[in-house]
Structures are given as structure tokens and as C-alpha cells.
Chemist: 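Here you go, one structure.
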Amino acid sequence: MNLLSIIITIATIISCKAWSSELKMMDFTSPKEYERWSAVNDNVMGGISTGQFTYDGSVSQFTGELSLANNGGFSSVNRTVEPLTNNINAVNLTYIGDGRTYQLRFTTRKDGYPINYKHEFETIKGQQQSKTFNFNDFKAVFRGRLLSGAPELVAQDIKQIGFLIADKTPLPFVLKVQSIEFLNFK
């Protein structure tokens, strides 16, 4: 092997390591991914809805049951994310739903305060779907109400990612999440 081949090999290894250190995709078929998620349900406000992130042996799933008792009606799961690069401006979600409406959510921090951004998506019961969401289509919210004057959602500000269900339907739910991929659309 000549010196030029060695240099090219080393450069390739270094660039691959730099690429893999950036968060580009979450693989929910991995049995380790679901362990990074935690639930926040309406019991923080007196409700009795349940929700959790589990692994069924092949994929992670957001499952539970909504209850409207005690002014409840939502369930959510989230996890922290490593800093994203500023060139990311969209996310692709691959999932199998139950026919209900969910929210994909991001949390940022500005001036020490959290700002939540949501994008609703509908599911078709038992059907695998893949949808791409542009960051500029997310809406800033606080406790279900739209916020006016919030800054645009940008990748490098994202601290958490999550899912929420709050469709006012007091029934069991299941959202099987297969992958989340962060993208750069020009």
C-alpha cells in the first residue's frame, strides 16, 4: 500500500467517524432505543391516562390508554437528543398506526425557557406509513395552545423529541415507530 492510499484510507475512516457521531437516524427496531424514552402523562395535572414506550421484540411502540377523567386526556413520551447540525431542516418518520391522530414534538430552550413545537399526523390502522415533516411547518405550543411570536424551529436548538396523543378519544392506543431520520432538504 503506498502513502497516498494510506492517507485516503485514514481520511475515509475519520470522515466516517465524524458522520456517525452526528445524530442522523433513530432505529426503533433496535432493542436499546426504547430505553432512552420516558413518559409524561396527564397524571401530572390530575388525569389518569396511561402511556409508555416499550419494545415488542421487533419494534418500539408508544402504547397506553387515554382517559378524560379528572380533566385528563393526553399521554406523551420523549427523549433528549444530541445536538443536531444546523443544516438539518426536516425529519422523516416511518410508523404503523392505529387509525388515530398523534403529534410529533420537539422541545427547544430559548432564554432558559422550554418551547414545544408540534406537527400532527394521522395514521391508518395497521398500515406502514412514512411522512416527511419540514421544520418550518411545526407550530409552537404551550399546554395545547398555539404560541404567537415564537422563534422558528431550527435543528441546533432542539433538545428533545417526542410523541403525544390528545385526540379526546378515551380508548387504548398503539403507535409502532420504526425510524426517525433527520434530513437536509434544499
Side-chain angles (χ1 to χ4, degrees), residues 26-81 91-133 135 137-151 153 157-180:
M26 294 178 182
D27 178 8
F28 292 88
T29 63
S30 165
K32 293 288 184 187
E33 180 58 38
Y34 86 96
E35 295 172 352
R36 296 182 175 119
W37 292 72
S38 58
V40 178
N41 299 309
D42 58 16
N43 55 3
V44 298
M45 299 165 44
I48 59 171
S49 296
T50 62
Q52 61 188 348
F53 216 53
T54 61
Y55 185 72
D56 73 359
S58 62
V59 70
S60 295
Q61 51 190 7
F62 175 31
T63 64
E65 185 169 353
L66 288 188
S67 171
L68 303 180
N70 300 337
N71 294 316
F74 80 87
S75 179
S76 69
V77 290
N78 63 63
R79 73 167 280 214
T80 59
V81 294
V91 61
N92 182 268
L93 174 64
T94 303
Y95 57 92
I96 299 172
D98 56 5
R100 295 178 73 172
T101 301
Y102 292 85
Q103 295 176 18
L104 176 61
R105 297 173 66 96
F106 291 109
T107 302
T108 65
R109 290 193 90 63
K110 284 291 188 181
D111 302 322
Y113 296 99
I115 301 174
N116 294 302
Y117 294 83
K118 73 170 185 173
H119 197 303
E120 290 187 347
F121 62 98
E122 294 186 13
T123 66
I124 299 170
K125 187 173 183 172
Q127 183 175 328
Q128 180 178 327
Q129 296 174 267
S130 186
K131 292 192 178 182
T132 299
F133 307 94
F135 285 174
D137 293 330
F138 280 75
K139 307 288 185 216
V141 294
F142 180 73
R143 294 188 179 163
R145 294 188 176 97
L146 293 178
L147 292 176
S148 60
L153 176 62
D157 292 339
I158 294 172
K159 305 297 183 206
Q160 283 186 333
I161 185 171
F163 296 99
L164 181 137
I165 184 168
D167 64 2
K168 301 187 186 319
T169 306
L171 293 171
F173 62 87
V174 61
L175 176 68
K176 295 182 178 190
V177 184
Q178 295 172 316
S179 68
I180 294 174

Chemist: Which heavy atom in Y55 sits nearest to a heavy atom in F28, and how many Å separate them?
Modeler: CE1-O, 3.8 Å
Chemist: Is there a donor-acceptor contact under 3.5 Å from the side chain of N92 to the main chain of F133?
Modeler: no
Chemist: Sub-3.5 Å donor-acceptor pair from the side chain of D157 to the main-chain atoms of T108, do we have one?
Modeler: no
Chemist: Evaluate I161 against L104 for side chain to side chain contact (heavy atoms under 4.5 Å, CB included), listing each step before the verdict.
Modeler: CA-CA 8 Å; I161 185 171; L104 176 61; 4.1 Å; yes
Chemist: With rounding to the nearest 0.5 angstrom, report the CG to NZ distance, D56 to K176.
Modeler: 5.0 Å
Chemist: With no hydrogens and no angle check, is any side-chain donor or acceptor of S60 less than 3.5 Å from a backbone partner on V177?
Modeler: no
Chemist: I would like to know whether N78 and S38 meet side chain to side chain contact (heavy atoms under 4.5 Å, CB included); could you show each step before the answer?
Modeler: CA-CA 6 Å; N78 63 63; S38 58; 3.8 Å; yes
Chemist: Is a side-chain donor or acceptor of T80 paired with a backbone partner of K159 at a separation under 3.5 angstrom?
Modeler: no
Chemist: Where do S67 and I48 come nearest, in terms of heavy atoms and distance?
Modeler: OG-CG1, 3.3 Å
Chemist: Taking the six-membered ring for Trp and the single ring otherwise, decide whether the centroids of Y95 and Y102 are under 6.0 Å apart.
Modeler: no
Chemist: With rounding to the nearest 0.5 angstrom, report the CD to CZ distance, E35 to F53.
Modeler: 12.0 Å
Chemist: Taking all heavy atoms of F74 and all of A166, pick out the closest pair and write down the distance.
Modeler: CB-CB, 3.9 Å
Chemist: Taking the side chain from D98 and the backbone from F173, do they hold a donor-acceptor pair closer than 3.5 Å?
Modeler: no
Chemist: More than 12 heavy atoms of other residues, nucleotides or ligands under 6.0 Å from NZ of K131: is that the case?
Modeler: yes
Chemist: Are F62 and W37 an aromatic pair by the rule of ring centers under 6.0 Å?
Modeler: no
Chemist: When you compare the side chain of R100 with that of L66, does any pair of heavy atoms fall below 4.5 Å?
Modeler: yes
Chemist: Rounded to the nearest 0.5 Å, how far does CD of Q178 lie from CD1 of I96?
Modeler: 4.5 Å
Chemist: Can H119 and D137 be said to form a side chain to side chain contact (heavy atoms under 4.5 Å, CB included), step by step?
Modeler: CA-CA 7 Å; H119 197 303; D137 293 330; 3.8 Å; yes
Chemist: Minimum heavy-atom separation for T94 and S130, please, with both atom names.
Modeler: OG1-OG, 3.3 Å
Chemist: With no hydrogens and no angle check, is any side-chain donor or acceptor of R36 less than 3.5 Å from a backbone partner on V81?
Modeler: no
Chemist: Quick one: pull up CD in Q160 and OG in S76 and give me the separation to the nearest 0.5 Å.
Modeler: 9.0 Å
Chemist: The test is side chain to side chain contact (heavy atoms under 4.5 Å, CB included); show your working for I158 and F135 and say whether it passes.
Modeler: CA-CA 11 Å; I158 294 172; F135 285 174; 3.9 Å; yes
Chemist: Closest heavy-atom contact between P170 and E65?
Modeler: O-OE2, 4.5 Å
Chemist: Would the distance check show the side chain of Q129 and the main-chain N or O of G97 forming a donor-acceptor pair, the cut-off being under 3.5 Å?
Modeler: no
Chemist: Restricting to non-hydrogen atoms, name the atom on A140 and the atom on A150 that form the minimum distance, rounded to 0.1 Å.
Modeler: CB-CB, 3.4 Å
Chemist: First locate atom CG of L164, then atom CD of E120, and finally report the distance between them rounded to the nearest 0.5 Å.
Modeler: 9.5 Å
Chemist: Return yes if some donor-acceptor pair links the side-chain N/O of D167 with the main-chain N/O of T169 below 3.5 Å, else return no.
Modeler: yes
Chemist: Would you compute the distance between atom OG1 of T107 and atom CD1 of I115 and round it to the nearest 0.5 angstrom?
Modeler: 10.0 Å
Chemist: State, yes or no, whether a side-chain contact exists between T63 and Q52 at a heavy-atom distance under 4.5 Å.
Modeler: yes
Chemist: Given side chains that start at C-beta, do those of F106 and N116 come closer than 4.5 Å, heavy atoms only?
Modeler: no
